[in-house]
Amino acid sequence: DAKTTQPPSMDCAEGRAANLPCNHSTISGNEYVYWYRQIHSQGPQYIIHGLKNNETNEMASLIITEDRKSSTLILPHATLRDTAVYYCIVRAEGGSYIPTFGRGTSLIVHP
Amino acid sequence: DVKVTQSSRYLVKRTGEKVFLECVQDMDHENMFWYRQDPGLGLRLIYFSYDVKMKEKGDIPEGYSVSREKKERFSLILESASTNQTSMYLCASSPLGGGKTQYFGPGTRLLVL
């Protein structure tokens, strides 16, 4: 799996958009970009994933650059409950690839 | 709703004890995983299984074993617990094949005294 690089920490004001970047410059054509988050003392929670088109669901939006070397997870209106560690991972479809979680970005949403 | 459950949220054991951590998923997933998570180290894969009775070592299998007798259940065994196995243990499952979404359990926080 391609390696990802994320800033170790970010903060955001409640109600504002949180934009979490991820670099994956070695991504291959068949690798998806996945985002998970982990709230303190809980298991990781799936958020969203995409291949090359931008994606949106009830939790977040995923913007992938045209060259697919980076992406941004957007939480449009961050709340205090969005405080968590956010993991960006890239994984290939098919085969028996095991996802590798890096250290993620610790997002703190403050009042 | 997808569900992965783990037998205990918190566990305290003594050095040398045999410890069983149980994980059950109700999604008929083929793949199941055991990770441990420690501060500053992220999630590290211990073992995974892609079918009943099949298992593969992850990055840090030493001191652990696993059992997958039924599709829905994946057990992690610490044969002789040691203090350096104090950690948060996370179980996950996913459908067959790579690149599939993983679903995680709530985690078991194990303290070995």
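By convention in this document, chain letters (A, B, ...) are assigned in the order of the sequence lines, proteins followed by strands, and residues within each chain are numbered from 1.
Between chain A and the options B:L90, B:L41, B:D59, heavy-atom pairs under 4.5 Å are most frequent for B:L90. If you tally non-hydrogen atom pairs under 4.5 Å between each of B:R9, B:Q37, B:M88 and chain A, the highest count goes to B:Q37.
Under the 3.5 Å distance criterion, the side-chain polar atoms of B:R36 are left unmatched by any main-chain donor or acceptor of B:L43. The backbone N or O of B:V24 sits nowhere less than 3.5 Å from a side-chain atom of B:E72 that would complete a donor-acceptor pair.
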Task: Verdict with reasoning, B:I77 to B:V19, per side-chain contact (heavy atoms from CB on, under 4.5 Å) - done: CA-CA 6 Å; B:I77 303 153; B:V19 182; over 6 Å; no
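Taken from CD1 in B:I46 to NZ in B:K55, the straight-line distance is 13.5 Å, to the nearest 0.5 Å.
For B:R109, the part sitting under 4.5 Å from any heavy atom of chain A is the side chain, from C-beta outward, and nothing else.
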